[in-house]
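Worksheet: one structure, shown below.
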2 protein chains.
Amino acid sequence: MKQISTRFSMAVHILSLISVNPNVTGDFIAGSVNTNPVVIRRIMGMLKKVGLVDVRPGVGGASLLKPPEEITLLDVYRAVNVIEQNQLFRVHEDPNVKCLVGRNIESVLQSELKEAQAAMEQRLAQTTLSQLTSRFN
Amino acid sequence: MKQISTRFSMAVHILSLISVNPNVTGDFIAGSVNTNPVVIRRIMGMLKKVGLVDVRPGVGGASLLKPPEEITLLDVYRAVNVIEQNQLFRVHEDPNVKCLVGRNIESVLQSELKEAQAAMEQRLAQTTLSQLTSRFN
DNA sequence: TTATGTTATAACTGTTATAGTTACAACAAG
DNA sequence: CTTGTTGTAACTATAACAGTTATAACATAA
C-alpha cells in the first residue's frame, strides 16, 4: 500500500520548530525529527522555494515568511509536492475505446476522484500551523 | 510522487463491466482495461473475497452480489486495499521526545490527517456504481 | 586571513509497492 | 478428452522514497 510521503509530516515538523524557535539549525531539526540533516535541508529547500521560509546560509537558522496563523496544512502539502493537482488517484491508462466501459470509465471516474481529492485537501486547508503548535504541551 | 494504485480504478472498471454484462470473461475484461489477464484475476480475487462478486471458475464470467445502486466507490476502494484505515498519510517515525515539537507532533498531526482522509473517503461513499454506469454513452 | 559551523547539492544506496509476465494447476461443460 | 476458463505462484522491471557520503559555498568570529 502506497502512502503519501513523510516529506509532508516532516515539513510540518520543521515549520513547527521554526515557529517555536526561529534560531534552530538544520542539525537541531534533524535531531528532533530523528533523521539525516540532508533530508531536512532538502525539505527546507522546498519550503524556501515556495516562499514559506527564509533560510540563513552560513550563519544558520530559518524564519517563517508568513504568520503561523496563515500557514495551512494544505500550503505545506503543496510545497513538498507529495501529491499534484488531481493526481491523488492513479487511473489505469489506455482502456479499450471499442468497449462501452473502456471508452467512458476514465472521464466519469476521474471527475469523482477529483471531488474526493478536493474534499481531503479542503480539510487540510482548515488547519493552520498555529492551531497545531497551540496544542503542544 | 506516490499515487493510489490503479488497482482501484481497474476494480471500478471491472465491476462496471460485470454490471453491464454479467457474462464477460476475465480475458475480455483484460482487453477492455488493456492489461494482462492475471492482473484482472488478482483484482477479481479481492472483490470476491469481500463478497462483492461471485466468479464462476471453469465456465467463466462473474456477477455482482449486491445491486449496483448499493456498491459505492468506497466499498471498492476498501476491497482492493489501496489505503488502510488512517494510513493515507505516512508520518515519520520516532521523533525525539526530548523536544517539545518532537514529542507532540505525531498525535496532533495524526488527528488532523485522519480527518482529511475521512473527508476523502466520505466523498467516495457518495458515489455508487450505478451512478457511474448511467453516465456511459 | 583562517577556523568553525553552518547551508546547498550532487551522487549513490537499499527498500518497497507496483504492474506486468510466464507457467502451470484446477475446474466445468460440450 | 478437448477446450476455454479461473486460480496462483514465482519472477521481473520500474519508480519513488529515505537515508548516506562527500564536497562546495557561505557567514562570522577570532
Side-chain angles (χ1 to χ4, degrees), chain A residues 1-11 13-14 17-18 21-49 53-63 77 80-84 87-95, chain B residues 1-11 13-14 17-18 21-31 33-49 52-63 77 80-84 87-95:
Chain A
M1 188 200 53
K2 285 193 180 173
Q3 297 172 273
I4 292 175
S5 166
T6 55
R7 269 205 308 280
F8 178 36
S9 67
M10 287 187 190
H13 190 147
I14 291 167
L17 264 174
I18 296 172
N21 177 4
N23 296 318
V24 284
T25 65
D27 279 26
F28 181 90
I29 296 174
S32 175
V33 171
N34 192 19
T35 185
N36 190 294
V38 176
V39 173
I40 299 300
R41 286 184 215 134
R42 270 203 289 249
I43 297 171
M44 298 269 278
M46 301 178 97
L47 298 174
K48 189 174 63 173
K49 194 173 172 187
V53 300
D54 176 54
V55 184
R56 293 180 283 277
V59 56
S63 46
Y77 163 97
V80 294
N81 299 318
V82 280
I83 295 293
E84 302 297 329
Q87 303 224 351
L88 172 59
F89 299 90
R90 193 172 153 218
V91 173
H92 58 288
E93 297 174 342
D94 297 319
Chain B
M1 186 198 58
K2 285 192 179 174
Q3 297 172 271
I4 292 175
S5 166
T6 55
R7 270 204 308 281
F8 177 36
S9 67
M10 287 187 190
H13 189 146
I14 290 168
L17 264 173
I18 295 172
N21 178 2
N23 296 317
V24 284
T25 66
D27 279 27
F28 182 91
I29 296 174
V33 171
N34 192 18
T35 185
N36 190 292
V38 175
V39 174
I40 299 301
R41 286 183 217 139
R42 270 203 287 248
I43 297 170
M44 298 268 278
M46 303 178 97
L47 297 175
K48 189 173 62 172
K49 194 173 173 186
L52 279 176
V53 300
D54 176 53
V55 185
R56 293 180 282 278
V59 55
S63 47
Y77 163 97
V80 296
N81 299 317
V82 280
I83 295 292
E84 303 297 330
Q87 304 222 350
L88 173 59
F89 299 89
R90 193 172 155 218
V91 172
H92 58 288
E93 297 174 343
D94 297 318

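Convention: sequence-line order gives letters A, B, ...; per-chain numbering from 1.
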Quiz prompt | Range on DNA chain C touched by chain B, heavy atoms, distance below 4.0 Å | solution = C:dT18 to C:dA28

Quiz item: Relative to the 5' end of DNA chain D, which residue comes earlier, A:P37 or A:R7, by the nucleotide with the nearest heavy atom?
Solution: A:R7

Quiz item: For B:H13, which of B:T35, B:I40, B:V33 qualifies under side-chain contact (heavy atoms from CB on, under 4.5 Å)?
Solution: B:V33

Self-check item: With sequence neighbours excluded, residues passing side-chain contact (heavy atoms from CB on, under 4.5 Å) with B:N34
Solution: A:D94

Quiz item: Are the side chains of B:R56 and B:N23 in touch, meaning some heavy atoms are under 4.5 Å apart?
Solution: yes

Quiz item: Roughly, in whole Å, what's the span from CD in B:E93 to C1' in D:dC17?
Solution: 14 Å

Quiz prompt | Derivation of the side-chain contact (heavy atoms from CB on, under 4.5 Å) call for A:I83 and B:M1 | solution = CA-CA 6 Å; A:I83 295 293; B:M1 186 198 58; 4.1 Å; yes

Quiz item: Under 4.0 Å between a side-chain N or O of A:T6 and OP1 or OP2 of D:dA18?
Solution: yes

Quiz item: Going by the angle between their ring planes, with limits at 30° and 60°, are B:F8 and B:Y77 parallel, tilted or perpendicular?
Solution: perpendicular

Quiz item: Say you draw a straight line from NZ of A:K2 to OG of B:S5; how long is it, rounded to the nearest 0.5 Å?
Solution: 7.5 Å

Self-check item: Helical bend (five base pairs per end, nearest 10°) for the helix from C:dT1-D:dA30 to C:dG30-D:dC1
Solution: 0°

Quiz prompt | Under 4.0 Å protein heavy-atom contact, by nucleotide of nucleotides 3-8 of chain D - B base, S sugar-phosphate only | solution = -BBBBB

Quiz item: Is any side-chain heavy atom of A:F28 less than 4.5 Å from a side-chain heavy atom of A:N21?
Solution: no

Quiz item: How close or far is atom C1' of D:dA18 from atom CE of A:M46, stated in whole angstroms?
Solution: 13 Å

Quiz prompt | Interatomic distance where CG belongs to B:N36 and P belongs to D:dC11 [whole Å] | solution = 17 Å

Self-check item: Flag if over 12 foreign heavy atoms under 6.0 Å of CD, A:Q87
Solution: yes

Quiz item: Tell me, which pairs form a salt bridge (Lys or Arg N to Asp or Glu O under 4.0 Å) where one or both residues lie in residues 24-33 of chain A, sequence neighbours left out?
Solution: A:D27-A:R41

Quiz item: In whole Å, what is the span from the CG atom of A:N81 to the C1' atom of D:dA16?
Solution: 13 Å

Self-check item: side-chain contact (heavy atoms from CB on, under 4.5 Å) between A:I18 and A:M44, intermediate numbers included
Solution: CA-CA 11 Å; A:I18 296 172; A:M44 298 269 278; 4.2 Å; yes

Self-check item: For B:A11, side-chain contact (heavy atoms from CB on, under 4.5 Å) partners two or more places apart
Solution: B:I43, B:L47, B:V76, B:V80

